[in-house]
Number of protein chains: 2
Amino acid sequence: MSSTGPVTDALRERGLRITPQRVAILGALRRLANHPSAEEVFRAVRSDFPSLSLTTVYRTLETLAERGEVALVHLGRERARFDHRTDPHHHATCTSCGRLEDVDLAESSIEPGIAIPLFGGRRPRGNVVVFYGVCTPCNERASHEPSARSEPGPGSLAPG
Amino acid sequence: MSSTGPVTDALRERGLRITPQRVAILGALRRLANHPSAEEVFRAVRSDFPSLSLTTVYRTLETLAERGEVALVHLGRERARFDHRTDPHHHATCTSCGRLEDVDLAESSIEPGIAIPLFGGRRPRGNVVVFYGVCTPCNERASHEPSARSEPGPGSLAPG
DNA sequence: CTCGCTGCAAACACTTTGCATATCT
DNA sequence: AGATATGCAAAGTGTTTGCAGCGAG
């Protein structure tokens with residue numbers, strides 16, 4: 001199989017064998033873009049690839065993460081999510097429904113040059129910022145049901 | 001038991017019954033200060049409280065977190081850790097050994113006023129920053145064993 | 001006395017692993 | 001052909017839950 005395409009190329013560049021499973025998984029991750037979990041990728045691919053196993057999805061995403069082709073995003077108690085973007089950026093998440101979106105922030109605005117005592121006064125190698133808030137649909141739902149249970153949603157990491 | 005003390009007072013203020021288990025658990029969390037996991041708290045308390053169960057530690061810490069008396073800190077795949085500080089602050093972690101320390105950062109330096117599209121252009125309710133780097137002991141160990149395996153350590157959330 | 005708390009054991013969700021078979025190169 | 005990837009089922013890990021008895025207020 002000498003097929004070409006962005007996904008196939010990415011796999012080849014990472015020194016990975018090009019299998020239909022991998023093509024489908026990485027393709028789905030890029031297409032979904034919504035920081036899906038392994039299971040969400042699994043369901044998306046399964047439709048036109050019934051023999052695929054969840055194990056393979058986990059293994060493939062782990063391999064891709066190791067090689068820097070995708071990134072892992074963990075929030076609070078939530079299951080792991082995968083990010084097709086690997087360039088430095090941050091995230092915003094809805095504390096009510098868990099929706100997650102990218103946030104591009106000027107690097108300088110988070111003081112990457114700060115001296116960290118834990119690192120012997122050296123600067124951090126990197127940092128991750130997560131913004132917490134309530135997305136528009138959840139916000140509207142909350143105002144329509146004033147006294148209704150305003151579920152804290154997934155993960156109780158939310159500050160304040 | 002009408003004993004007094006910071007821990008007892010804190011429990012009472014949160015409307016919780018003062019049991020020896022809770023006094024010991026919250027006391028240990030404050031004393032350790034090192035962002036211990038439930039199991040680490042358990043081991044610390046167990047010494048002079050052999051009948052304590054891990055379940056109670058989980059339940060107590062969860063209750064305290066719900067009431068805002070302690071905070072949860074999750075990093076990557078790692079187990080949950082608990083923080084006796086609940087005021088806004090950030091964290092630095094060693095990507096090699098997992099050590100975690102507090103970082104106090106001026107709030108303005110992370111643009112809390114940024115308009116987040118996910119939140120309908122509203123500002124985030126809060127944010128969490130984690131700085132990644134290598135702590136001094138790990139750094140020295142690495143330079144003494146140049147070609148040795150430089151374990152990525154717990155959690156592969158580390159950027160770049 | 002009453003309701004909340006504790007401890008035990010069992011259940012849980014998510015993720016990883018062992019192994020035989022199938023597939024890529 | 002040879003090495004690597006896949007699928008299945010089973011094992012983990014960390015955390016949560018049901019329930020009966022205990023203890024704080």
Side-chain angles (χ1 to χ4, degrees), chain A residues 1-4 7-9 11-26 36-43 45-46 49-67 69 72-82 98 152 154-157, chain B residues 1-4 7-9 11-26 35-43 45-46 49-67 70 72-82 98 154-157:
Chain A
M1 213 181 274
S2 62
S3 56
T4 314
V7 168
T8 318
D9 291 349
L11 291 172
R12 212 179 338 253
E13 278 164 28
R14 302 291 177 175
L16 298 172
R17 283 193 180 175
I18 294 155
T19 69
Q21 288 91 332
R22 285 176 173 170
V23 173
I25 290 166
L26 183 51
S37 66
E39 182 136 14
E40 286 165 336
V41 171
F42 176 59
R43 282 202 300 269
V45 175
R46 206 186 202 180
F49 202 142
S51 69
L52 183 73
S53 82
L54 183 54
T55 303
T56 296
V57 176
Y58 272 111
R59 257 192 292 228
T60 298
L61 290 174
E62 188 197 356
T63 303
L64 291 171
E66 277 171 6
R67 316 256 172 148
E69 181 60 38
L72 256 159
V73 187
H74 266 279
L75 276 101
R77 307 185 194 280
E78 280 184 48
R79 44 156 62 105
R81 293 158 172 241
F82 295 86
S156 42
L157 234 182
Chain B
M1 211 182 279
S2 61
S3 55
T4 313
V7 167
T8 317
D9 291 349
L11 291 172
R12 212 181 337 256
E13 279 164 28
R14 302 291 177 174
L16 298 172
R17 282 193 181 174
I18 294 153
T19 68
Q21 289 93 333
R22 284 176 173 170
V23 173
I25 290 167
L26 183 51
H35 307 87
S37 65
E39 182 136 15
E40 285 165 337
V41 171
F42 176 58
R43 283 202 300 268
V45 176
R46 205 187 204 180
F49 201 143
S51 69
L52 183 72
S53 82
L54 182 54
T55 302
T56 296
V57 177
Y58 273 112
R59 257 192 293 228
T60 299
L61 291 174
E62 188 196 358
T63 302
L64 291 172
E66 278 170 6
R67 316 254 172 149
V70 309
L72 256 159
V73 187
H74 266 280
L75 277 100
R77 307 186 195 279
E78 279 184 48
R79 42 155 64 108
R81 293 157 172 243
F82 295 86
S156 42
L157 236 183

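Below, chains carry the letters A, B, ... as their sequence lines are ordered, and counting in each starts from 1.
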* Asked: Whole-Å distance between D/dG14 P and B/Glu62 CD?
  -> 18 Å

* salt bridge (Lys or Arg N to Asp or Glu O under 4.0 Å) partners of B/Arg79, counting only residues at least two apart -> B/Glu39

* Asked: Just how far, in rounded Å, is P of C/dC14 from CZ of A/Phe82?
  -> 13 Å

* To do: State which residues pass salt bridge (Lys or Arg N to Asp or Glu O under 4.0 Å) with A/Arg81; sequence neighbours excluded, sorted by chain then number.
  => A/Glu78

* Contact state string [nucleotides 3-9 of chain C, B base, S sugar-phosphate only, - no protein heavy atom under 4.0 Å] -> BBSBBBB

* To do: Provide, to the nearest angstrom, the distance between the CD atom belonging to A/Glu39 and the P atom belonging to C/dT15.
  => 9 Å

* side-chain hydrogen bond (donor to acceptor under 3.5 Å, both in side chains) with B/Thr55: which residues, sequence neighbours excluded? -> none

* Asked: Can you check the A/Arg14 CZ to D/dA5 P distance for me, whole Å?
  -> 15 Å

* Asked: So what does B/Ala38 touch, heavy atoms closer than 4.0 Å: a base, only the sugar-phosphate, or nothing?
  -> nothing

* **Rounded distance (Å) that lies between atom P of D/dG14 and atom CG of B/Leu61** => 16 Å

* Starting from P on C/dC14, measure out to CG on A/Leu75 and report it in whole angstrom. => 15 Å

* Structure fact -> Taken to the nearest whole Å, NE2/A/His74 to P/D/dG14 is 13 Å

* Which residues share a side chain to side chain contact (heavy atoms under 4.5 Å, CB included) with B/Glu40, sequence neighbours left out -> B/Pro36, B/Ser37, B/Arg43

* To do: Considering just the side-chain nitrogens and oxygens of A/Tyr58, establish if one lies under 4.0 Å of OP1 or OP2 belonging to C/dT15.
  => yes

* Protein-nucleotide distance (A/Leu64, atom CG; D/dT6, atom P), rounded to Å -> 10 Å

* Using the test salt bridge (Lys or Arg N to Asp or Glu O under 4.0 Å), find all partners of B/Arg14 that sit at least two apart in sequence or belong to another chain. => B/Glu69

* To do: Please determine if a side-chain N or O atom of B/Arg77 lies less than 4.0 Å away from the OP1 or OP2 oxygen of C/dT16.
  => yes

* Asked: Taking five pairs at each end, how big is the angle between the two axes of the helix from C/dC1-D/dG25 to C/dT25-D/dA1, to 10°?
  -> 40°

* **A/Thr19 OG1 to A/Ile25 CD1 distance, which is reported to the nearest 0.5 Å** => 7.0 Å

* Can you name the residues that form a side chain to side chain contact (heavy atoms under 4.5 Å, CB included) with B/Phe42, not counting sequence neighbours? -> B/Arg46, B/Leu52, B/Leu54, B/Val57

* Under the side chain to side chain contact (heavy atoms under 4.5 Å, CB included) rule, collect the residues that match up with A/Val7, sequence neighbours excluded. => A/Leu11, A/Val23, A/Leu26, A/Arg30

* Asked: Hey, what do you get for CG (B/Leu72) to NE2 (B/His35), rounding to the nearest 0.5 Å?
  -> 11.5 Å

